[in-house]
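To start, the structure under review is shown below, and the notes come after it.
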Amino acid sequence: PMMLTEQTIVLAGVDGRRSAIRYAVGAAATLFIFVGALVVFGQAISLSEEPTLDATLDFVIGGLLVAAALVIRWRRPKGPRPVRHHRRLGSRQALGFGAFSMATNFTTLAFIVPGAKVIASSDLAVTGRAVALIVLIGLATIPAWLPIALTSVAPGPAARALGALRGLIERRGRTITVFFLAGLGIVLIIHGVLNLPGA
């Protein structure tokens, strides 16, 4: 949710389109490195050949996601990250800002771990894994590239839609995040139970 807010502010600033594109590139590159490392690590421990380990990882990742949802639900809400000065970001600074925003966006990183695990444990060829990786990164970086795409197609309606979406995130962002983290964690735990030997 915070990335969408940051990107809309960057897009509205000086040289907004170019800065927004670089912000999106920085975010996507950071996520690519993170997911790539997870996939390589997953292949190294041969998840597809170790069903017990695969089920254990489901439990661990699912439990961490549920725990993260509970922490977000019960912790005291913090004020929004200060973003007023980002209106003057140059295109160079926007690249680093996008990378930093993704590296510190623990919600997105938590969502991406199960997808990376699935790719690592799949029987896909290298090309298939690369395509799956690109699709996963594309989905995870929607908050970074969607504002650019919308304002390119229909600037007026897009600005109104993004404003409404930002309002929804400000009002219900925590609830939405908790719901998805907890739901994904429960699904992984159930998947782990079903993959246990003899289940």
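Here the closest non-hydrogen pair linking Leu109 and Ala103 is CD1-O, 3.8 Å. When all heavy atoms are compared, the tightest approach of Val35 to Ala116 is CG1-CB, 4.1 Å.
Note on Val113: it clusters hydrophobically with Phe179, by side-chain heavy-atom contacts below 4.5 Å among ILVMFWY residues.
Applying the side chain to side chain donor-acceptor pair (under 3.5 Å) criterion to Thr30, with sequence neighbours excluded, gives no partner residue. Leu70 pairs by the side chain to side chain contact (heavy atoms under 4.5 Å, CB included) definition with Val66, Trp74, not counting sequence neighbours.
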Side-chain donor-acceptor pairs under 3.5 Å in residues 131-145, sequence neighbours left out?
{"residue": "Thr141", "atom": "OG1", "partner": "Ile137", "partner atom": "O", "Å": "2.7"}
{"residue": "Thr141", "atom": "OG1", "partner": "Gly138", "partner atom": "O", "Å": "3.4"}
{"residue": "Trp145", "atom": "NE1", "partner": "Gly138", "partner atom": "O", "Å": "2.9"}

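Considering Glu6, Gln7, Gln93 as possible partners of Tyr23, the one that fulfils the side-chain hydrogen bond (donor to acceptor under 3.5 Å, both in side chains) test is Glu6.
Checking Ser152 against Arg17 by side-chain atom types alone, a donor-acceptor pair falls below 3.5 Å.
Note: Leu95 CG to Arg18 CZ = 13.0 Å, rounded to the nearest 0.5 Å.
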Apply side-chain contact (heavy atoms from CB on, under 4.5 Å) to the pair Leu31 and Asn105, showing each step before the final yes or no.
CA-CA 10 Å; Leu31 194 60; Asn105 190 343; over 6 Å; no

